[in-house]
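Here is the structure we will look at.
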Amino acid sequence: MVNELKSPQCLNVSTPRLLLALETSCDETAVAILRAGDRHSGSDRQSSLELLASEVASQIAEHEKYGGVVPEVASRNHLLHVPRLLELATSKAKIDMEDVDAFAATSGPGLASSLMIGASVAKGLAIGFGKPYLAINHLEGHLLSPFVESASSRFLFKDHRQDADATIPCNVALIVSGGHTMSIFVRDLGDYQIIGRTVDDAAGEAFDKVAKLLGLGYPGGPEIEKLARQGDPNRFDLPRSMPDSDNFSFSGLKTAVRYLLPKIGVIPNRADNASPARTEGPHANTSTTQSSSRDQPRIARSFACPQDDKLLADLCASFQQAVFEVLVDKTIAAARKFGVDLVTISGGVSCNEELRRQMQGACEKEGLKLKAAASWLCTDNAAMIAFAALQRLQNGLESDVTEEIDPNLALAS
């Protein structure tokens with residue numbers, strides 16, 4: 001089924017244009033096809049976007065046994081998935097590859113061996129069919145993702161922009177994912193200023209590492225969120241790092257949880273010999289079994305004693321609250337500092353319902369609007385890469401096929 005998206009009026013799409021994008025920056029393989037064109041309603045002409053296909057192949061099952069992403073495994077699986085997803089996407093979009101007008105791929109940041117797969121395929125297709133190539137920053141994909149599903153939003157029209165020539169509204173954005181946590185002042189497409197970024201662990205990394213300490217599954221965010229719903233976020237007093245800085249830090253919070261465990265009587269369940277998450281420390285798992293921890297009852301996988309199941313939920317809720325309080329407070333402070341009335345949030349961690357609830361409440365209290373990326377656009381996907389590529393293409397920007405990937409590609413200075 002075709003997903004219709006209305007584009008900003010200022011894109012001035014005069015002819016239909018098909019764009020195919022690949023995303024292979026980490027452990028998700030994704031392909032998306034986006035069509036831009038004009039729709040006519042009576043005497044009115046309206047620019048429109050149609051997401052013809054968006055396919056994602058997840059590798060969570062492959063990496064779960066290792067407790068994290070293994071680059072070589074990721075790149076090997078990208079090679080396996082890309083041809084199948086290209087065929088599936090073009091079939092669903094009912095197009096031939098030669099119909100595509102431009103090809104795009106994530107060029108960074110990410111795992112070098114993974115980035116090379118998507119970029120090489122997109123470059124090869126662009127060269128083979130003589131079409132433009134666009135190298136897209138993965139973080140810009142996240143940054144613009146809140147506008148993908150609601151591109152017809154009033155926020156995108158001229159009377160709601162500070163700059164009538166801007167293609168996206170002025171806003172303060174929070175990107176919060178497994179590998180990145182940063183706040184950005186967005187003036188216009190490509191005009192970004194980093195306000196603050198993590199100096200150590202990203203928020204998503206902290207979730208994964210704490211989940212690993214607690215013997216939970218991978219990825220850790222959904223596991224902790226599930227338990228936190230039943231917990232008391234005020235039971236444990238955990239640190240809120242760098243309150244007077246625009247930057248973020250979550251490594252200390254993770255360490256605080258680590259040292260809290262023996263104090264509250266939480267010890268590893270010795271029967272948990274198959275947990276892949278526990279790969280270091282005095283209770284490291286030395287078993288060679290490859291069984292998934294998700295196949296075990298949560299109590300059997302947990303560090304918490306079965307007789308105090310609520311302790312684990314309270315600990316997860318307290319940890320989650322410590323992370324979210326910092327994210328919300330710093331984002332609201334940044335919005336006040338830069339005088340914007342719109343806050344956006346994106347990235348995998350932004351799927352968390354409690355984070356969205358708290359951010360929405362804080363924005364309403366401050367008289368700010370909040371635009372969050374749709375849940376299906378929060379984790380890595382090619383639809384957001386296609387959307388970012390289209391914005392650049394419509395503004396006359398293309399990339400050279402000789403452009404190299406950059407695992408440390410910066411969004412802005």
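When all heavy atoms of Pro109 and Asn137 are compared, the closest pair comes out as CD-OD1, 3.5 Å. Of all the heavy atoms in Ala89 and Ala53, the pair that sits closest is O-CB, 3.5 Å. Looking at every heavy atom in both residues, Leu261 comes nearest to Leu214 through CD2-CD2, 3.8 Å.
Using a 4.5 Å heavy-atom cutoff, the side chains of Leu19 and Ile33 are not in contact. A 4.5 Å side-chain heavy-atom check between Leu189 and Leu144 finds at least one atom pair inside the cut-off. Using a 4.5 Å cut-off on side-chain heavy atoms (C-beta onward), Met359 and Glu364 make no contact. His138 has its side chain out of reach of Ser107: every pair of non-hydrogen atoms, C-beta onward, lies at least 4.5 Å apart.
One finds a salt bridge joining Lys92 and Glu55 here, because a Lys/Arg side-chain nitrogen approaches an Asp/Glu carboxylate oxygen to under 4.0 Å. Contact check on Glu353 versus Arg356 returns no salt bridge, with no Lys/Arg side-chain nitrogen under 4.0 Å from an Asp/Glu carboxylate oxygen. A salt bridge is defined here as a Lys NZ or Arg NE, NH1 or NH2 lying under 4.0 Å from an Asp or Glu carboxylate O, and Glu205 with Lys254 fails to meet this definition. Here Asp246 does not pair with Arg197 in a salt bridge; the nearest charged N to carboxylate O distance is not below 4.0 Å. With respect to the salt-bridge test (charged N to carboxylate O, under 4.0 angstrom), the residues Asp341 and Lys369 qualify.
A centroid separation of less than 6.0 Å is found between the aromatic rings of Phe319 and Phe207. Proximity of the aromatic rings of Tyr133 and Phe103 is defined here by a centroid distance below 6.0 angstrom, and this criterion is not met.
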Subject >> Criterion salt bridge (charged side-chain N to carboxylate O under 4.0 Å, His left out) on Arg357 and Glu354, from CA distance to verdict >> reply: CA-CA 5 Å; Arg357 187 190 68 78; Glu354 180 61 19; 2.6 Å; yes
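For the side-chain contact (heavy atoms from CB on, under 4.5 Å) with Glu62, the qualifying choice from Val69, Val70, Val73 is Val73, the only one to do so.
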